[in-house]
Structures are given as C-alpha cells and as structure tokens.
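What follows is a set of notes on a single structure, which appears directly below.
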Number of protein chains: 2
Amino acid sequence: MINSQYVDLLRKANYKITPQRLRVLDYLEGHPGHFKAEDVYNHVKANEPSITLATVYNIFRAMIRSGILDSFEINGTTWFESNTQPHANLYCEKCHKFEDFELPANVLPDRLSAEYGIHVRTASVLLKGTCRACTGDSHN
Amino acid sequence: MINSQYVDLLRKANYKITPQRLRVLDYLEGHPGHFKAEDVYNHVKANEPSITLATVYNIFRAMIRSGILDSFEINGTTWFESNTQPHANLYCEKCHKFEDFELPANVLPDRLSAEYGIHVRTASVLLKGTCRACTGDSHN
DNA sequence: GTGTTTGCAAAGAATTTGCAACGAA
DNA sequence: TTCGTTGCAAATTCTTTGCAAACAC
C-alpha cells in the first residue's frame, strides 16, 4: 500500500494507527498540495462521519511530529502540506492558490545552521505575490 | 526628529498624522526588533491611556501599507517588525527571542521574481530552532 | 467642512482543551 | 488490560467590525 511509508513514520513516533489517521493519509495520497484542516475534515467526513475538526487538528499535530507534514500560517489560518522538503511556497494573491519553488542550496536548513552557528529545525519560505499563471495572464 | 522618515511614509500613503500614530512611531524608535500588537499597546497606553488594542491593529495596518512595517505569524499570533529589508527571522524555541540573519542574494524577492517568472510582493523566511546564544549554551 | 481615525463593545474565526467513552496494541 | 485517541461541547486567543464621537487637514 502506498501509504505504508507514512504508517511507518507514525509507528516510529509511537503513534497508533487509527481508522481516522488512515483516512487522513488517504487524503494526502490524493492531494499532494496545500490544505487546511477544514479541507481534510470535509473529505474524511464522507467515510468517517463522526470525525470532528478537533480530531483533524489532533491528527495533524501527530503527523507533524512524525515528519509527515509541515505547516505555515497565512492571515490567521494554518496551511498544511505533505511536501516536507525545503522549498518556497508562493501564495498567489490573485487566484489564491499555491505554487512550490525549489530553494537554492544556500538557504537549506543545514547550510543556514552551519553558516550561522545556530540550529535550524524548520525553515519556511513564504512568498506572497502573483503566480506564474496569473502573471502571464493578460486580463488583469 | 528621527521619525520623520516614517511620518513621510505615512503622508505619502495618504494617512493622517495622529497622536496615536506618533506614539507608535516612538515605540519603533526604541524597539528595533520584533513585537506583537499587545507589546505596543502596553507601551503606548502609558502616554495615551485611552488607546485600545483595536486602534493598534488599525495603525499597524496603515503602517504596513505605508511600507513602515512587515509582519509574519507564529503559533496563531502576528509579529511585526520595522526591518522591512529582506532577511530571515530565527525564532528560538528555547529562549523565545528572535534573531535576524542576512539572506543570500539569490533568495531576494527581485531575484526570485526574475528567476521564476512570477511577481513576488513580499518574501518572508521564518526559521525555527535554537539561536546562537542558546546553541552555544552548555546546559541544555 | 469633510472624510479619516479613534474608542468601545461586541462579533468572528481558528484552534485548543477537558473529559468520558472507546479502541489499538 | 492499558494508555492513547476520539468525539463533543465549551473555552480561549487573537483580530476585526460597526458605529458614534472626535479630530486632522
């Protein structure tokens, strides 16, 4: 099964494998991009009607601690993503979608740690502006 | 007066110069680092007792639009800073203070815009980890 | 004078908490 | 069996809003 890597990560971090957590992993499989708690809540509710938003938040915390998810905040809401590799997130202020961009090697956490004599646990690069599609768009 | 540059920026953006806004500028002058709305509120209250938190938020919005302040979010609260030059903010998870770091030229907004064919209006690099002081600290 | 800003109280949005019942290991 | 997890409701925290009075220009 395609999610077994994530299941392993949960197990390694001493989390139990519950049906709710498996349904969230299903969501990740089908949605490689960026999502809010409510997006996942709405999706999981279809198969697991008793689940609550609080449980989704709870599960996200476990998954972040397991190394499955990363998160960042925009305008008071937290966005999650399963791309845990260092990268830049561009939030398009026109179409309100995200686009990922590679980061130059010299801003990767390890490089920053080494260069500055600090310990960088997480690094998030958040760009706000206009995405490729909307920039190329003539009618704006 | 040392704040005249900020006053000019407010004027250029068509904002009026009110006593409350001047008191917030006073705060900036004495606090070059990172602060929350409540920090400024508590400080300004001393000279302007009728000010409210809502007004501070209101003033911050005007100052962001004037190019005086930048902001970013951590754990559900918004932090503000008057350093509007591109840089990385390290949030130390041990001492809960911030430390600023220069960014390599290839992650400056203009470079990213050019390289990726997008328009980058703001770029925020947020590092979480352990600051220089706490990393060098033996007892942890 | 005119339109902006302030102060106040109340609303809003997102996330967390407490706790009893449930369930994975 | 045991302790972590879920579901539910309520609470919290941060930020915004509506509106009348005050004020900058």
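All chains are named by letter (A, B, ...) in the order of the sequence lines, taking the proteins before the strands, and each is independently numbered beginning at 1. Computation of the quantities below employed the complete heavy-atom set of this structure, encompassing side-chain atoms and omitting hydrogens, waters and symmetry-equivalent molecules.
Both B/Leu25 and B/Phe35 are assigned to one and the same hydrophobic cluster, defined by single-linkage of ILVMFWY side chains at heavy-atom distances under 4.5 Å. Clustering ILVMFWY residues whenever any of their side-chain heavy atoms sit less than 4.5 angstrom apart, transitively, puts B/Ile118 in the very cluster that holds A/Val107. Clustering ILVMFWY residues whenever any of their side-chain heavy atoms sit less than 4.5 angstrom apart, transitively, puts A/Ile74 in a cluster other than the one holding A/Leu127. Tracing side-chain contacts under 4.5 Å through hydrophobic residues (I, L, V, M, F, W, Y), one reaches B/Ile51 starting from B/Phe80; they form part of the same cluster. A/Val120 is not connected to B/Leu126 by any chain of hydrophobic side-chain contacts under 4.5 Å among Ile, Leu, Val, Met, Phe, Trp and Tyr, and they are in different clusters.
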**Item:** Sequence-aligned protein contact record of nucleotides 18-23 of chain D, with B where the base is within under 4.0 Å of a protein heavy atom and S where only the sugar-phosphate is
**Value:** ------
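The side chain of A/Thr55 has D/dT6 as its nearest neighbour among C/dT6, D/dT6, D/dT5. Nearest to the side chain of B/Asn58, among C/dT5, C/dT16, D/dT6, sits C/dT5.
Relative ring orientation between A/Tyr91 and A/Phe98 is described as tilted, the plane-to-plane angle lying within the 30° to 60° band.
Sequence order on DNA chain D of the closest nucleotides to B/Tyr15 and B/Tyr57 puts B/Tyr57 first from the 5' end. Nearest-nucleotide assignment on DNA chain D puts the 5′-proximal partner with A/Asn14, out of A/Asn14 and B/Arg61.
Rounded to whole Å, the distance from CZ on A/Arg11 to P on D/dG4 is 17 Å. In this entry the distance linking CG of A/Leu22 with P of C/dG23 reads 15 Å, nearest Å. One atom, CZ of B/Arg23, and another, P of C/dT5, lie 17 Å apart when rounded to the nearest Å.
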**Item:** Stepwise side-chain contact (heavy atoms from CB on, under 4.5 Å) test for B/Lys94 and A/His119
**Value:** CA-CA 11 Å; B/Lys94 277 190 180 150; A/His119 170 67; over 6 Å; no
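With contacts defined as side-chain heavy-atom distances shorter than 4.5 Å, the pair A/Asp39/A/Tyr27 qualifies. By the 4.5 Å heavy-atom criterion applied to side chains, B/Glu38 and B/Thr77 are not counted as neighbours.
Listed by chain and residue number, nothing satisfies the side-chain hydrogen bond (donor to acceptor under 3.5 Å, both in side chains) test with B/His43 (two or more places apart in sequence, or in another chain).
Across residues 32-53 of chain A, A/Ser50, A/Ile51, A/Thr52 each have a non-hydrogen atom less than 4.0 Å from an atom of DNA chain D (numbered order). Against DNA chain C, the stretch residues 67-79 of chain B makes no heavy-atom approach under 4.0 Å.
End-to-end axis angle of the helix from C/dG1-D/dC25 to C/dA25-D/dT1, using five pairs per end and rounding to 10°, comes to 50°.
Side-chain N or O atoms of B/Glu73 include one that pairs as donor or acceptor with a backbone N or O of A/Gly76 at under 3.5 Å. No side-chain donor-acceptor contact under 3.5 Å links A/Thr130 to the backbone of A/Thr135.
The side chain of A/Arg21 places an N or O atom within less than 4.0 Å of a non-bridging phosphate oxygen (OP1 or OP2) of D/dT6.
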Counting only pairs under 3.5 Å, give me each side-chain donor-acceptor contact of residues 53-72 of chain A, with atom names and distances, residues two or more places apart or in other chains.
{"from": "A/Thr55", "atom 1": "OG1", "to": "A/Thr52", "atom 2": "OG1", "distance (Å)": "3.3"}
{"from": "A/Ser66", "atom 1": "OG", "to": "A/Ala62", "atom 2": "O", "distance (Å)": "2.7"}

